[in-house]
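Below is one structure, written out as structure tokens, with a few remarks after it.
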Amino acid sequence: MKLFQTFFLTLLFGVSAMAQIPGYMGKRLLIDAEIQAFPARITPTTTDNSANTGNISGLHSRYGLGVGYVLSRSALVQAHFYTFRTGMNTVFYAPLRNGFYDTHHTFNTLSGYTLDLAYSRSRPARGHLSPLGKHRAFHAYITFANGNNNFYENGQPVENQYFSSIDTKYSIFGLGYSVTYNHILNDQFVLGYGWRINVSSPQVRLFSSKLNDNGNIFDTTDYKAYNLEEFRKAMISKFFFYDLLQFKITFGLLK
């Protein structure tokens, strides 16, 4: 009888221990590719050279690769690397004779990459065993972008010493929240979809002279500095809307 009790307790412990193994069937490593997209109805994409006329269409998108690791039955950490290419509208100014200035409505091509770290939680009580099922994640990310100095006006490339020579590099820090639904196929492939919201705070590093104290174009001949400030403001607006809301699709492999 004592031997039977020992065997029963050992079996019960073994089953319980197996039930607590993190990961789907003990698989804890997740490698995935992800696409993020959202309709571009406020700011232009890279193909909208005529966007300053109000013709804005297409999709904002990011493409990334990532790796994740299951910490427990309900917790998952992930790191992603994304690339992007998009566009931006800007208003620049150039001096004319007798103190007058000319206004240019330009389009600029932007490109860069994003580094993203995420911590997500699922609810095992509802059958969502990480990385399977519904996950809520918190993100911290940084985007490095480059203005490329590709300016267009009315669909044609333009050059002007007061704005085409602007050399811009900038970084955008942000926090995000996402909800993802993962499905596992053949015990090793992951198909996921969901949505994500972000709040970004562009931290712009601009390599040019600063504005004078009042920053008023009518009180300064430093048009390059003024145009630099206009570029900075356009970048803040661009990435606020670019990052605000995204839908995503994920294809992954469990190991």
Side-chain angles (χ1 to χ4, degrees), residues 38 40-54 56 58 60-62 82-96 100-116 139-154 156-176 197-246:
F38 191 79
R41 302 305 304 170
I42 298 178
T43 60
T45 66
T46 187
T47 58
D48 290 322
N49 291 359
S50 59
N52 54 74
T53 63
I56 297 176
H60 289 317
S61 58
R62 277 191 178 98
Y82 302 96
T83 61
F84 69 88
R85 188 173 177 84
T86 186
M88 181 182 74
N89 290 330
T90 310
V91 178
F92 285 142
Y93 303 93
L96 296 175
F100 293 96
Y101 62 90
D102 193 15
T103 302
H104 296 264
H105 296 274
T106 64
F107 171 88
N108 182 222
T109 302
L110 309 173
S111 62
Y113 61 92
T114 299
L115 302 177
D116 183 274
H139 301 259
Y141 66 94
I142 180 172
T143 294
F144 300 95
N146 187 355
N148 293 331
N149 293 329
N150 296 323
F151 293 96
Y152 296 84
E153 189 171 22
N154 297 322
Q156 300 296 321
V158 295
E159 294 185 3
N160 187 299
Q161 62 172 320
Y162 294 99
F163 50 86
S164 64
S165 61
I166 292 177
D167 182 14
T168 59
K169 294 181 183 297
Y170 44 89
S171 54
I172 299 95
F173 299 90
L175 299 175
I197 57 174
N198 302 287
V199 176
S200 61
S201 176
Q203 306 296 320
V204 184
R205 299 195 303 270
L206 301 171
F207 302 95
S208 182
S209 60
K210 296 182 179 180
L211 290 174
N212 58 7
D213 292 338
N214 54 29
N216 192 324
I217 193 171
F218 300 106
D219 298 331
T220 180
T221 57
D222 195 352
Y223 284 84
K224 286 186 179 180
Y226 189 87
N227 291 335
L228 194 62
E229 178 66 10
E230 291 299 302
F231 193 95
R232 185 190 70 85
K233 292 178 181 178
M235 283 302 312
I236 292 175
S237 175
K238 169 66 184 185
F239 275 93
F240 175 81
F241 290 106
Y242 188 84
D243 288 339
L244 186 59
L245 176 62
Q246 297 155 348

For Leu96 and Tyr101, what are the C-alpha separation, side-chain angles and deciding distance, and is it a side chain to side chain contact (heavy atoms under 4.5 Å, CB included)?
-> CA-CA 5 Å; Leu96 296 175; Tyr101 62 90; 5.6 Å; no
Working for side chain to side chain contact (heavy atoms under 4.5 Å, CB included), residues Val199 and Leu175 | CA-CA 6 Å; Val199 176; Leu175 299 175; 5.6 Å; no
Passes side chain to side chain contact (heavy atoms under 4.5 Å, CB included), Ile236 versus Tyr170? Steps please.
-> CA-CA 10 Å; Ile236 292 175; Tyr170 44 89; over 6 Å; no
For the pair Arg232 and Met235, evaluate side chain to side chain contact (heavy atoms under 4.5 Å, CB included) and give the outcome as yes or no after the intermediate values.
-> CA-CA 5 Å; Arg232 185 190 70 85; Met235 283 302 312; 5.7 Å; no
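Between Leu244 atom CG and Ile197 atom CD1 the span is 8.0 Å, to the nearest 0.5 Å. Between the NE2 atom in His105 and the OG1 atom in Thr90 there is a gap of 11.0 Å [rounded to 0.5 Å].
The backbone N or O of Asn89 lies less than 3.5 Å from no partner atom in the side chain of Lys238, so there is not a single donor-acceptor pair. With hydrogens and angles ignored, the 3.5 Å screen pairs no side-chain donor or acceptor of His60 with any backbone N or O of Phe241. Checked by atom type and distance alone, the side chain of Asp243 never pairs as donor or acceptor with a backbone atom of Asn198 at under 3.5 Å.
With ring centers used as reference points, Phe151 lies under 6.0 Å from Phe92.
The residue from Tyr113, Tyr82, Phe173, Phe239 that alone fulfils the ring-ring contact (aromatic ring centres under 6.0 Å, His included) condition with Phe144 is Tyr113. Remark: of the listed residues Asp116, Thr86, Thr83, Thr114, Thr114 is the sole one forming a side chain to side chain donor-acceptor pair (under 3.5 Å) with Arg62.
Closest heavy-atom contact between Tyr141 and Gly176: CE2-N, 4.4 Å. A pairwise comparison of heavy atoms in His104 and Ala94 identifies NE2-CB, 4.1 Å as the closest pair. Between Ala145 and Phe84, the closest heavy-atom pair is CB-CZ, 3.9 Å.
When side chains are defined from C-beta on, Arg85 counts as touching Thr109, because their heavy atoms get closer than 4.5 Å. In this structure the side chain of Tyr93 reaches within 4.5 angstrom of the side chain of Thr103, judged on heavy atoms. Proximity of Thr143 to Tyr242: side-chain heavy atoms (C-beta onward) are nowhere separated by under 4.5 Å. Between Thr106 and Phe231 there is no side-chain heavy-atom pair separated by less than 4.5 Å.
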